[in-house]
Enquirer: 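Can you keep this structure in mind? I'll have questions shortly.
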Amino acid sequence: PNPTAAIYCKTGECEIRITARARSDEDGEKMCRAYAKKFYDTLGDAVYDEDVAGLEETVVDTLKKNGLTISTAESCTGGLIAQRLTSVSGSSEVFGYGFVTYWEQAKTKLVGVDPAVIGKYNVVSAPVAAQMALGAAAASGADIALSVTGVAGPTGGDEVRPVGTVYLGAVRDGVAYVKKLFVSRPDRALVRARAAQAALELGLRLAQGKIPEGTQALTAARQSDDAALAALLPELSRSAVQRLLEDGAVTLDGRPVKKNAKLPAGTVLNVEIPEAKPTENPAQDIPLDVVYEDDDVIVVNKPKGFVVHP
């Protein structure tokens with residue numbers, strides 16, 4: 001066939017190289033352009049640019065074109081996003097601040113994360129990622145801010161947040177967009193690289209004036225609102241809760257609760273968290289507190305990160 005396309009898989013992205021045999025460069029360009037259209041039609045927005053060294057180059061270029069600036073607040077990536085941005089020549093026009101907030105105290109001191117939010121939802125959570133991004137934007141004055149908090153491994157994970165669990169945040173115009181990323185292979189370098197790539201993608205979409213797909217929004221005005229923060233938490237199915245009941249993991253005042261127990265509305269049940277162990281989908285297995293009404297699951301009392309619905 002002529003032209004041909006070769007697909008090269010990289011960390012978090014793929015590169016497509018199109019080659020044509022033609023009598024002139026002009027004819028070859030036309031043939032390649034016509035063939036490339038098929039990929040654009042199929043992949044849509046997933047194609048972010050042509051002939052660039054990486055996503056960071058496109059992000060910087062898009063920020064420049066739109067007169068925007070960007071900042072970062074990083075935990076598990078340890079400055080990797082900032083490093084990628086500043087590897088692009090001319091990035092000083094758009095990037096002025098990067099915060100590496102590895103400790104919880106740094107998240108509070110540098111980007112204003114509420115310690116109570118860390119205590120209630122865990123440092124690796126969507127609410128903390130949202131506050132990190134909002135705080136970075138406020139502290140730097142940048143138009144866009146990116147944040148990352150997660151468990152890069154190989155140690156430090158548990159059954160609720162196994163190694164590879166990452167929460168990303170991106171802010172523009174006072175609205176934080178958060179997203180969960182889970183990297184199934186517990187390789188520290190891979191988790192960090194995938195997290196940085198995903199964060200840059202969020203930044204690109206905001207720089208393009210788009211709302212990133214698969215995200216949940218939190219406004220700066222509601223970043224201390226418990227209901228708004230709780231709305232960012234991932235959902236659990238009732239079946240997951242029923243499995244816990246069957247296993248005797250749910251207790252009320254220290255006593256196990258039977259599977260078909262009748263409980264008054266508003267009763268809060270505690271769920272014991274077992275030690276970390278491999279599961280097919282660990283991030284969706286263990287809630288922490290469950291509220292029942294007439295034996296139907298209503299909502300988790302969300303101190304650390306899950307919402308349960310009927």
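Numbering of residues begins at 1 and proceeds along the displayed sequence.
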Enquirer: Any side-chain to backbone donor/acceptor pair from Thr77 onto Glu74? Under 3.5 Å, distance only.
Expert: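 The answer is no, because no donor-acceptor pair under 3.5 Å joins these two groups.
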Enquirer: Check salt bridge (Lys or Arg N to Asp or Glu O under 4.0 Å) between Lys30 and all other residues, then give those that pass, not counting sequence neighbours.
Expert: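 Salt bridge (Lys or Arg N to Asp or Glu O under 4.0 Å) check on Lys30 returns Glu26.
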Enquirer: Ignoring hydrogens, what is the shortest heavy-atom contact between Ala142 and Ile70? Give both atom names and the distance.
Expert: CB-C, 3.7 Å
Enquirer: Do side-chain atoms of Thr72 reach the backbone of Ala82 as a donor and acceptor pair under 3.5 angstrom?
Expert: no
Enquirer: Just by modelled atom types, is the Leu55 backbone N or O under 3.5 Å from a matching donor or acceptor in the Tyr48 side chain?
Expert: yes
Enquirer: Report the residues that fulfil salt bridge (Lys or Arg N to Asp or Glu O under 4.0 Å) with Arg172, sequence neighbours left out, ordered by chain and then residue number.
Expert: none
Enquirer: Using links of under 4.5 Å between side-chain heavy atoms of ILVMFWY residues, direct or through other members, which residues join Ile18 in one cluster?
Expert: Ile7, Ile16, Tyr35, Phe39, Tyr40, Leu43, Val47
Enquirer: Ala152: what forms a side chain to side chain contact (heavy atoms under 4.5 Å, CB included) with it, not counting sequence neighbours?
Expert: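 In terms of side chain to side chain contact (heavy atoms under 4.5 Å, CB included), with neighbours along the sequence ignored, Ala152 is linked to Cys76, Arg188, Val191, Arg192.
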Enquirer: Which donor-acceptor pairs under 3.5 Å do the side chains of residues 127-137 make with protein atoms, sequence neighbours left out?
Expert:
| residue | atom | partner | partner atom | Å |
| --- | --- | --- | --- | --- |
| Gln131 | OE1 | Asp114 | N | 2.9 |
| Gln131 | NE2 | Gln223 | O | 2.8 |

Enquirer: Scan for ring pair (Phe, Tyr, Trp, His ring centres under 6.0 Å) pairs involving residues 91-120, sequence neighbours excluded, and state none if there are none.
Expert: none
Enquirer: Residues in salt bridge (Lys or Arg N to Asp or Glu O under 4.0 Å) with Arg23, at least two apart?
Expert: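 With neighbours one apart ignored, the set is empty.
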Enquirer: Could you check whether any side-chain N or O of Asn66 sits under 3.5 Å from a backbone N or O of Thr62, counting only pairs where one atom can act as donor and the other as acceptor?
Expert: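 Yes, the answer is positive, given that a donor and an acceptor are paired below the 3.5 Å cut-off.
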Enquirer: Is there a donor-acceptor contact under 3.5 Å from the side chain of Thr101 to the main chain of Ser75?
Expert: no
Enquirer: So which residues get pulled into Tyr8's cluster when ILVMFWY side chains under 4.5 Å apart are joined, directly or through others?
Expert: none
Enquirer: Between the main-chain N or O of Val123 and the side-chain N or O of Thr149, is there a donor-acceptor pair closer than 3.5 Å?
Expert: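 Yes, because the side chain of Thr149 sits within donor-acceptor range (under 3.5 Å) of the backbone of Val123.
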Enquirer: Suppose we screen for side chain to side chain contact (heavy atoms under 4.5 Å, CB included). Which residues come up paired with Glu29, at least two apart in sequence or across chains?
Expert: Arg33
Enquirer: List in chain and number order the residues that pass salt bridge (Lys or Arg N to Asp or Glu O under 4.0 Å) with Asp187, two or more places apart in sequence or in another chain; answer none if no residue qualifies.
Expert: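 Checked Asp187 against salt bridge (Lys or Arg N to Asp or Glu O under 4.0 Å); zero matches.
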Enquirer: I'd like to check the side chain to side chain contact (heavy atoms under 4.5 Å, CB included) partners of Arg21; sequence neighbours left out, ordered by chain and number.
Expert: Asn2
Enquirer: Name all residues meeting the side chain to side chain contact (heavy atoms under 4.5 Å, CB included) criterion together with Thr108; count only those two or more places apart in sequence or in a different chain, and write none if there are none.
Expert: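 Thr108: side chain to side chain contact (heavy atoms under 4.5 Å, CB included) contacts with Pro115, Ile118.
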Enquirer: Examine the side chains of Arg194 and Gln197 and answer whether a donor and an acceptor come within less than 3.5 Å of each other.
Expert: no
